[in-house]
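Being a predicted model, the structure only gives us computed values, none of them experimental. Because only heavy atoms are used, hydrogens play no part in the values below, and waters and symmetry mates are left out as well, while side chains stay in.
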Amino acid sequence: MLDPKLLRSDLNAVAVQLARRGFQLDVGRLSSLEEQRKVLQIEADALRAERNANAKRVGQAKAQGQEVATLLAAGENLGGRLTGVDEQLVAIQAQVADFQLLLPNILHASVPEGNDELANVEMRRWGNIREFEFLPLDHSAIGERMGMDFEAAGRISGARFVVMTGPLASLHRALIQFMLDLHIREHGYTEAYVPYLVHREALVGTGQLPKFEADLFSVRGEPGFFLIPTAEVPVTNLVRDQIIAAEKLPLKFVAHTPCFRSEAGASGRDTRGMIRQHQFEKVELVQIVKPEDSDAALEQLTAHAEGVLQALELPYRVLALCAGDVGFSAAKTYDLEVWLPSQQKYREISSCSNCESFQARRLQARYRNKAGKPELLHTLNGSGVAIGRALVAILENYQQADGSVLVPTVLQPYMAGAQLLNSI
RNA sequence: GGAGAGGUGGCAGAGCGGUUGAAUGCACCGGUCUUGAAAACCGGAGGCCCUUUACGGGGCUCGUGAGUUCGAAUCUCACCCUCUCCGCCA
């Protein structure tokens with residue numbers, strides 16, 4: 001959510017900022033709502049003050065044994081008027097809130113202009129793209145020979161699921177363990193285990209709701225839950241309604257969770273293989289920092305995600321997303337894209353974002369600043385990295401002419417020393 | 001699932017329906033004292049919102065939401081959460 005004070009004081013400037021994303025802010029509607037709200041609130045406050053004063057007089061008069069009938073009548077009248085004004089006020093406030101919850105974050109000044117992913121700016125590349133002396137297969141062709149089973153998944157759950165058995169399942173688990181260990185031991189993150197089912201408020205807090213409900217899976221029953229689309233949701237919600245002592249910052253959490261996405265809008269894209277699934281695993285990094293530290297924290301967090309790909313020796317590039325491609329809650333985002341030989345292109349494997357105070361305001365996540373006053377925190381999150389896509393990248397980049405796949409050195413300890421995955 | 005208890009400020013913990021935004025203790029900030037610190041004493045201090053150039057003024061906030069009432073932390077109802085005992089269970 002954007003700062004309501006800013007929306008009141010400089011709405012046109014906000015509109016200009018949001019236009020960078022291609023978001024058209026209805027200035028007229030918001031300012032008209034705001035104007036109505038102000039009138040009603042002032043009136044309601046005045047009536048309430050009068051009612052309170054009148055009620056107090058009743059008490060005093062009674063204590064002195066005086067007649068109170070007039071005061072009681074006045075109180076009843078005030079109460080009636082207040083109820084009417086309050087109803088209008090509540091209705092307007094709800095409209096203002098609904099409107100504001102649909103406004104995306106204001107972009108960081110350093111975000112490049114542009115409408116879509118074509119305008120994203122490549123910051124750097126890492127690693128050497130391997131020359132194949134044979135035609136490299138895509139990951140599903142490789143995987144299907146060693147226990148990656150889309151047919152079985154289809155029988156169980158339908159499209160966009162996968163079953164893995166044997167060494168591939170082990171490789172999948174090894175990736176999780178390796179990434180967690182790297183972030184915990186080398187990068188200073190605290191491991192977190194969190195719920196995979198969350199209530200609506202948690203998703204409003206991080207910005208997935210109310211706008212993106214169609215992307216989520218919900219669970220029937222009472223109470224109603226949503227399956228998390230990313231660990232960002234439960235982990236960032238750790239600081240909901242908290243006032244953190246300044247000396248405890250920054251908070252750095254790493255969590256492995258499954259992620260569930262309905263991806264309703266992506267039908268037809270990446271239908272083959274396990275690039276785009278309804279259920280996938282991710283190791284997620286979350287940082288909770290002071291506002292002045294968040295720019296540096298984004299660079300650091302991105303570097304931590306890059307560290308995973310470097311350790312796995314997977315070639316990748318880093319993109320700064322352009323204005324039109326940055327997500328709803330983020331002020332700035334770097335995407336990491338890993339090289340996939342079968343597609344001869346880089347594909348997203350991590351997304352690292354600084355949300356500044358956007359989520360913190362929805363969450364009321366604060367810290368005590370030097371003046372001793374509560375102040376909104378900044379929140380950041382990034383994949384470190386997506387497990388399924390990392391597995392895809394390994395299969396493709398480490399494949400051998402005979403259909404086997406080398407196990408990256410750093411993963412071998414997690415694979416009981418295995419150096420090679422053979423096709424069955 | 002059954003039975004019971006409870007949710008008050010950073011923490012602990014009072015609070016006959018009416019100057020209680022809330023006693024008291026701890027913690028916190030300022031001052032006196034001290035070479036300095038501690039102790040003692042004095043004083044200050046929650047959060048959110050509206051309004052005001054400012055000084056200030058007003059409202060909301062005792063788990064959440066409704067209700068009763070001239071007036072609710074105090075009464076009623078619903079919901080959420082926590083704890084205890086029993087049962088069940090990975």
Side-chain angles (χ1 to χ4, degrees), chain A residues 1-11 30-101 193-205 219 221-226 234 237-249 251 258 357-377:
Chain A
M1 203 148 94
L2 299 177
D3 184 356
K5 287 193 180 102
L6 185 64
L7 289 172
R8 275 193 290 270
S9 65
D10 213 350
L11 188 54
L30 185 54
S31 46
S32 127
L33 282 175
E34 183 54 34
E35 210 151 306
Q36 295 174 62
R37 197 223 87 235
K38 189 187 282 191
V39 171
L40 287 168
Q41 175 146 6
I42 290 171
E43 192 179 351
D45 279 2
L47 280 172
R48 198 168 273 118
E50 221 177 311
R51 185 206 62 182
N52 290 349
N54 185 264
K56 195 165 278 187
R57 270 182 242 123
V58 174
Q60 290 165 341
K62 272 192 174 171
Q64 297 170 17
Q66 295 170 349
E67 181 57 51
V68 295
T70 326
L71 290 173
L72 291 189
E76 203 151 355
N77 177 270
L78 285 168
R81 286 161 65 197
L82 179 60
T83 304
V85 175
D86 250 348
E87 275 169 16
Q88 296 178 58
L89 177 61
V90 167
I92 286 285
Q93 279 173 333
Q95 287 183 58
V96 172
D98 288 350
F99 191 93
Q100 292 184 353
L101 281 173
Y193 172 78
V194 293
Y196 305 155
L197 295 174
V198 297
H199 55 218
R200 176 172 291 274
E201 289 70 28
L203 288 150
V204 172
V219 177
E222 202 57 45
F225 288 117
F226 292 89
N237 269 273
L238 288 173
V239 291
R240 160 185 290 275
D241 289 327
Q242 301 292 304
I243 299 177
I244 310 289
E247 56 270 23
K248 291 194 173 163
L249 297 170
L251 299 177
S357 61
F358 187 84
Q359 295 178 324
R361 183 170 292 106
R362 290 169 171 235
L363 293 166
Q364 283 303 296
R366 297 172 293 176
Y367 79 107
R368 248 176 232 292
N369 64 20
K370 281 184 186 140
K373 291 294 173 191
E375 184 179 335
L376 293 173
L377 290 157

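Rounded to a whole angstrom, the distance from the P atom of B:rC42 to that of B:rA5 is 43 Å. Nucleotides B:rA37 and B:rG25 are separated by 24 Å at their C1' atoms, to the nearest Å. Here, B:rC49 and B:rG1 have their P atoms 39 Å apart, quoted to the whole Å. Rounded to the nearest Å, the gap between the P atom of B:rA22 and that of B:rC60 is 14 Å. Rounded to whole Å, the separation between the P atoms of B:rC26 and B:rU20 comes to 23 Å. Between the P atoms of B:rG10 and B:rG6, the separation comes to 23 Å (whole Å). B:rC79 sits 33 Å from B:rA23 when the P atoms are compared, rounded to a whole Å. B:rG4 sits 24 Å from B:rA14 when the C1' atoms are compared, rounded to a whole Å.
Residue A:R57 places no side-chain N or O under 4.0 Å from the OP1 or OP2 atom of B:rG71.
Remark: B:rC41 base-pairs with B:rG31. Criterion, Watson-Crick or G-U wobble with two distances under 3.5 Å. Nucleotide B:rC83 has B:rG4 as its partner under the Watson-Crick or G-U criteria, with both atom distances under 3.5 Å. Base pairing analysis places B:rA23 opposite nothing; no Watson-Crick or G-U wobble pair with both distances below 3.5 Å involves it. Shown here, B:rA54 forms no base pair; nothing in the strands shown gives a Watson-Crick or G-U wobble contact with both key distances under 3.5 Å. The pairing partner recorded for B:rA73 is none, the criterion being a Watson-Crick or G-U wobble arrangement whose two distances lie under 3.5 angstrom. The partner of B:rG9 cannot be assigned: no Watson-Crick or G-U wobble pair with both contacts below 3.5 Å exists in any strand. Base pairing analysis places B:rU68 opposite nothing; no Watson-Crick or G-U wobble pair with both distances below 3.5 Å involves it.
Nucleic acid contact class of A:I42 (heavy atoms, under 4.0 Å, all strands): sugar-phosphate only. Contacts of A:R366 with the nucleic acid, taken as non-hydrogen atoms under 4.0 Å apart, involve only primed sugar atoms and P, OP1 or OP2.
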Checklist line | A:R362/A:Q359 under side-chain contact (heavy atoms from CB on, under 4.5 Å): CA gap, chis, key distance, verdict | finding: CA-CA 5 Å; A:R362 290 169 171 235; A:Q359 295 178 324; 5.7 Å; no
Notebook entry, point to check: When you look at A:R240 and A:E201, which way does the side-chain contact (heavy atoms from CB on, under 4.5 Å) test go after all the steps?
Noted result: CA-CA 10 Å; A:R240 160 185 290 275; A:E201 289 70 28; 4.0 Å; yes
Checklist line | A:V219 and A:F226: CA distance, side-chain angles, deciding distance, side-chain contact (heavy atoms from CB on, under 4.5 Å) verdict | finding: CA-CA 6 Å; A:V219 177; A:F226 292 89; over 6 Å; no
Note to self: side-chain contact (heavy atoms from CB on, under 4.5 Å), that's the test. Do A:L249 and A:L377 meet it? Break it down for me.
What the structure shows: CA-CA 10 Å; A:L249 297 170; A:L377 290 157; 3.6 Å; yes
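Distance CD (A:E43) to P (B:rU51): 15 Å, rounded to an integer number of Å. A:D86 has its CG atom 15 Å from the C1' atom of B:rG67, to the nearest Å. Atom NE2 of A:H199 and atom C1' of B:rC79 are 14 Å apart (whole Å). For A:R368 and B:rG9, the CZ to C1' distance is 11 Å, given to the nearest whole Å. Computed from coordinates, the A:L47 CG to B:rG71 P distance equals 13 Å when rounded to whole Å. Regarding A:I243, its CD1 atom lies at a distance of 18 Å from the P atom of B:rC28, rounded to whole Å. Following rounding to the nearest Å, A:E201 (CD) and B:rC79 (P) show an atom-to-atom distance of 17 Å. Note: CG (A:D241) to P (B:rG10) measures 12 Å, nearest angstrom.
Contact detail for A:N54 and A:L71: the closest heavy-atom pair is OD1-O, 3.0 Å. Minimum interatomic distance between A:Y367 and A:L376 (heavy atoms only, all atoms of both residues): CE2-O, 4.0 Å. The two residues A:A365 and A:V239 come nearest to each other via the heavy atoms CB-O, 3.3 Å. In plain terms, the two heavy atoms of A:P234 and A:V198 that are nearest each other are CB-CG1, 4.4 Å. Smallest separation of non-hydrogen atoms from A:H199 and A:F225: N-CD2, 4.2 Å.
Rounding to the nearest 0.5 Å gives a distance of 12.5 Å between CG of A:N77 and CG of A:L72. Here the CZ-CZ distance, from A:R51 to A:R48, works out to 6.0 Å after rounding to the nearest 0.5 Å.
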Report all interatomic pairs (protein N or O, nucleotide N or O of nucleotides 15-21 of chain B) with separations under 3.5 Å.
unit_1	atom_1	unit_2	atom_2	d
B:rG18	O6	A:K62	NZ	2.8
B:rG18	N2	A:A55	O	2.6

Pairs under 3.5 Å (N/O, protein and nucleotides 57-61 of chain B):
unit_1	atom_1	unit_2	atom_2	d
B:rG58	N2	A:D45	OD2	3.4
B:rG59	O2'	A:D45	OD1	3.2

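Comparing A:P374 and A:G79 along RNA chain B, the residue whose closest nucleotide (by nearest heavy atom) sits nearer the 5' end is A:P374.
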